[in-house]
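Inspection log for the structure reproduced underneath, given as structure tokens.
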Number of protein chains: 2
Amino acid sequence: MTSRGQILAAARRLIDRDGWEQLSIRKLAAEIGVGATTLYHHVQDKEDLLFLLIHEAGEQVPHPDLPDEPGERIVVAAMTIHDALAAWPWAAEVLTTDGFIARLGDSALGLVEVIVAAAIQRGCTPDQAVHVFRGIWYYTVGEILVRSHSARRRESNQPVYRDALFGSLDPAKLPHLASLGERWAALAARDTYSDGLRALVNGLLAQGGCAAPQVP
Amino acid sequence: MTSRGQILAAARRLIDRDGWEQLSIRKLAAEIGVGATTLYHHVQDKEDLLFLLIHEAGEQVPHPDLPDEPGERIVVAAMTIHDALAAWPWAAEVLTTDGFIARLGDSALGLVEVIVAAAIQRGCTPDQAVHVFRGIWYYTVGEILVRSHSARRRESNQPVYRDALFGSLDPAKLPHLASLGERWAALAARDTYSDGLRALVNGLLAQGGCAAPQVP
DNA sequence: ACCTGAACACCGTTCAAGT
DNA sequence: ACCTGAACACCGTTCAAGT
């Protein structure tokens, strides 16, 4: 009676409604109207359930229009990955596990392929191209996690730390931070993912033999 | 009888022994030899407990010898932060919360100050300097989390995915990934944090007016 | 096959009651 | 003040028993 598809659909529904931290096997079973233990006949684990959800989500990541210039192509592919993860921040948390990316479907991996291929086109060796991808991956995952954890905190409970934020620093020891003061919070709230990404990609491609004429 | 210091010491002991995911209020109380509810007289929350632990850890981060060249100074400061977080990966998880950095002590913030000051010395505006720090922060946190989650998985249960790793990809759709094949795992295991960091810092400093003569 | 409730071994936190 | 056990409202997972 109960099917895997039904379970995944209900899980997506609950995550959208209550956030992914709130998802539990017991609540999920209740949502479907079934005993908690029933789910274990259709899914190995809670972890397995998350894998299946991420796999499904990965299949739905759109393939963007890719520009010709390789560096720009890397930026667009990375931003597509970023935007997909921003919509499912819980996926970012699970995907921090190494070798996990490989379990995504061909569709999501297509964007990884785009980045690696473009780096090679720009003169990287395959090894260097993997290094380029990893750098982008770290930066992207970090941004997503900081963003989503901060958002969660903001909405739920404490704007308490807001005023603790660089308000009362010792200007003798930390002159620049003290003079930035409250402005830090405003600056940190700005979305600078793409600016930082461009800087990173330029830096990575310029590094160690991947250098090529910077197309304007 | 029970003191805050005693609690923090016991917590550090348990984290070192069993990993931070295993730390619970109840186990912590048992380790001290006290009722679980007793802890709530010395600490607000489990979250509060983690804050205190991080604050304490931050005080112990060493101040490195800093090179003169600003770009290199940024790299050294970032690597110091990175190495400290690598020793306490659970701190990285908690610190992903925005505005949380600000609750560290002056000692740990000193490294943030170093980065911001060096960026300004290289010609950044204060706003751009914060942007530089944020980019470094995202990259660093991402690397730490990917590294620690992967390590946890490796040691505990599954080397299962190892062979699922890019072993059976469609070479027609994903030619570069397919030809990398099993090599991906070996490349991903390499520590390339500092290489990527240098690329990022160079890219960030070259960006938007922070440009200055690249000191050799 | 598919589903179930009871049970196990846990959580964080509150609260009235004790010294 | 400092500590406590009982209780509340949860977890993921196993397992023998049912249809």
Side-chain angles (χ1 to χ4, degrees), chain A residues 1-55 90-91 93-94 96-97 100 149 152-153 155-158 160, chain B residues 1-55 90-91 93-94 96-97 100 149 152-153 155-158 160:
Chain A
M1 236 41 181
T2 315
S3 77
R4 221 180 169 90
Q6 197 185 357
I7 293 172
L8 294 178
R12 252 182 290 118
R13 211 156 55 232
L14 284 184
I15 287 173
D16 286 346
R17 203 215 299 149
D18 303 324
W20 91 278
E21 308 85 353
Q22 286 294 318
L23 184 69
S24 77
I25 294 281
R26 292 169 116 108
K27 282 184 197 156
L28 179 52
E31 168 81 8
I32 303 171
V34 92
T37 57
T38 301
L39 298 191
Y40 287 86
H41 291 268
H42 300 91
V43 143
Q44 269 189 22
D45 241 22
K46 191 181 182 183
E47 222 186 19
D48 184 42
L49 175 69
L50 292 174
F51 291 2
L52 293 172
L53 279 168
I54 285 175
H55 197 275
W90 52 274
E93 224 135 328
V94 179
T96 47
T97 304
F100 218 81
H149 287 188
R152 196 196 312 162
R153 175 160 293 270
E155 87 193 19
S156 63
N157 26 3
Q158 299 104 325
V160 183
Chain B
M1 234 44 180
T2 315
S3 78
R4 221 183 170 87
Q6 198 184 357
I7 293 172
L8 294 180
R12 252 182 290 117
R13 212 156 54 234
L14 285 183
I15 287 174
D16 286 346
R17 203 214 300 149
D18 304 325
W20 90 277
E21 309 84 351
Q22 285 293 319
L23 184 69
S24 76
I25 294 281
R26 291 170 116 109
K27 283 184 196 156
L28 180 53
E31 168 80 9
I32 302 171
V34 91
T37 58
T38 302
L39 298 191
Y40 287 87
H41 291 269
H42 300 92
V43 141
Q44 270 188 20
D45 242 20
K46 191 181 182 182
E47 220 185 20
D48 184 42
L49 175 70
L50 292 173
F51 291 3
L52 294 171
L53 279 168
I54 285 176
H55 196 275
W90 52 274
E93 225 135 327
V94 179
T96 47
T97 304
F100 217 78
H149 286 187
R152 196 196 313 163
R153 174 160 295 268
E155 88 192 17
S156 62
N157 28 3
Q158 298 105 326
V160 185

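Source: prediction; values computed, not measured. Lettering of chains follows the sequences in order, A, B, ..., and the numbering in each one begins at 1.
Phosphate proximity of C:dC2 to A:Thr2: absent, as no side-chain N or O sits under 4.0 Å from OP1 or OP2. Side-chain N/O atoms of A:Lys27 include one lying less than 4.0 angstrom from OP1 or OP2 on D:dC11.
Searching all strands for a Watson-Crick or G-U wobble partner of C:dC15 with both distances below 3.5 Å returns D:dG5. Base pairing of C:dC10: no nucleotide in any strand meets the Watson-Crick or G-U wobble criterion (both distances under 3.5 Å).
In this structure, CD1 of B:Ile7 is placed 11 Å from P of D:dC2, rounded to the nearest angstrom. Atoms CE (A:Met1) and P (C:dC3) sit 8 Å apart, rounded to a whole Å. Taking atom CG of B:Leu50 as the reference point, atom P of C:dG12 lies 10 Å away to the nearest angstrom. When rounded to the nearest whole Å, the span between CZ of B:Arg26 and P of C:dC11 equals 7 Å. Across the protein-nucleic acid pair, A:Glu21 atom CD and D:dG12 atom P stand 13 Å apart, rounded to whole Å. Taking atom CD1 of residue B:Ile25 and atom P of nucleotide D:dC11, one finds them 19 Å apart after rounding to whole Å. For A:Lys46 and C:dC11, the NZ to P distance is 16 Å, given to the nearest whole Å. For A:Gln44 and D:dT14, the CD to P distance is 10 Å, given to the nearest whole Å.
Here A:Gln6 pairs with A:Thr2, A:Ser3, A:Ile32 under the side-chain contact (heavy atoms from CB on, under 4.5 Å) rule; sequence neighbours left out.
Applying a 4.0 Å cut-off to non-hydrogen atoms, the residues of residues 29-42 of chain B that approach DNA chain C are B:Thr37, B:Tyr40, listed by residue number.
Counting only distance, with no hydrogens or angles, the side chain of B:Arg4 and the backbone of B:His42 share a donor-acceptor pair below 3.5 Å. The main-chain N or O of A:Ile25 is never found under 3.5 Å from a side-chain atom of A:Lys46 such that the two would form a donor-acceptor pair.
Taking CG of A:Leu23 as the reference point, atom CG of A:Leu14 lies at 6.0 Å (rounded to 0.5 Å). Note: A:Thr38 OG1 to A:Met1 CE = 12.5 Å, rounded to the nearest 0.5 Å.
Across the P atoms, D:dC10 and C:dA9 are found 23 Å apart, a figure rounded to whole Å.
Contact annotation: the side chain of B:Phe51 never approaches that of B:His55 to less than 4.5 Å [non-hydrogen atoms, C-beta and beyond].
Just one residue in the list B:Leu8, B:Val43, B:Leu39 forms a side-chain contact (heavy atoms from CB on, under 4.5 Å) with B:Leu28, and that residue is B:Leu39.
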